[in-house]
Amino acid sequence: MVFLRLIGFCLLAAAMVMTLRQMHPPAAALLCVAFGALVVGILLPAIRSYVTQIQTFFDSLGLDAQYYQIMLKAMGIVLVTQLAVQVCTDMDAQSVARRAELCGRLALLGVAMPVFIALTQMAVDVLR
């Protein structure tokens, strides 16, 4: 199980960061960033599998590929934003983390706008 190994790796990295933070805080922050990038790299095959499953599901429903693409973009924005926020928080930059959250929310709003417009248009067409 890749996920169980990653959890063990997370616990080991947390202990290393905690120890290193006492001796050299900037190095501990860099270790957090490197560890985060490594975990994302390890999880990419699983993420690809999930994307394939979502694509198969949308294809079976006969929905327009536009909705599938929007959903994947939204998921990507959420994951990247969460990673950025966690890195900023680990580096004791909470104000930067809040700005990263705001950027992620605005990007998500921009990606979801076509779905909102399509749904609104459908509702208006039904009311007419």
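These values consider heavy atoms only, across backbone and side chains, with no hydrogens, waters or symmetry-generated copies.
- Between the CD atom in Gln82 and the CD atom in Gln86 there is a gap of 4.5 Å [rounded to 0.5 Å].
- Leu61 and Leu119 fall within the same hydrophobic cluster, defined by Ile, Leu, Val, Met, Phe, Trp and Tyr side-chain heavy atoms under 4.5 Å apart, directly or through other members.
- Alongside Val80, the hydrophobic cluster contains no other residue (criterion: ILVMFWY side chains under 4.5 Å).
- Within the hydrophobic cluster formed by Ile, Leu, Val, Met, Phe, Trp and Tyr side chains joined at under 4.5 Å, directly or through other members, Val85 stands alone, with no partner residue.
- Leu109 and Val111 fall into different hydrophobic clusters, where Ile, Leu, Val, Met, Phe, Trp and Tyr side chains are chained together by heavy-atom contacts under 4.5 Å.
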Can you give each donor-acceptor pair under 3.5 Å made by side-chain atoms of residues 121-128, sequence neighbours left out, with the distance rounded to 0.1 Å?
| residue | atom | partner | partner atom | Å |
| --- | --- | --- | --- | --- |
| Gln121 | NE2 | Asp125 | OD1 | 3.1 |

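- Rounded to the nearest 0.5 Å, atoms CD1 (Ile77) and CZ (Arg105) are 13.5 Å apart.
- Ile47 is connected to Met75 through a chain of hydrophobic side-chain contacts under 4.5 Å among Ile, Leu, Val, Met, Phe, Trp and Tyr, so both are in one cluster.
- Distance check, rounded to the nearest 0.5 Å: CD of Glu101 to CD of Gln94 gives 11.0 Å.
- Alongside Val96, the hydrophobic cluster contains no other residue (criterion: ILVMFWY side chains under 4.5 Å).
- Taking all atoms of both residues into account, the shortest heavy-atom contact from Pro114 to Ile70 is CB-CD1, 4.0 Å.
- Side-chain heavy atoms closer than 4.5 Å link hydrophobic residues (I, L, V, M, F, W, Y) into clusters, and following such links, even through other members, never connects Met113 to Val78.
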Which atom pairs, donor and acceptor, lie under 3.5 Å between side-chain atoms of residues 15-42 and protein residues at least two apart or in another chain?
| residue | atom | partner | partner atom | Å |
| --- | --- | --- | --- | --- |
| Thr19 | OG1 | Ala15 | O | 2.9 |
| His24 | ND1 | Ala27 | N | 3.2 |

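- Among residue pairs with one or both ends in residues 48-104, none qualify as ring pair (Phe, Tyr, Trp, His ring centres under 6.0 Å); sequence neighbours excluded.
- Atom CD1 of Ile54 is separated from atom OG of Ser49 by 9.5 Å, given to the nearest 0.5 angstrom.
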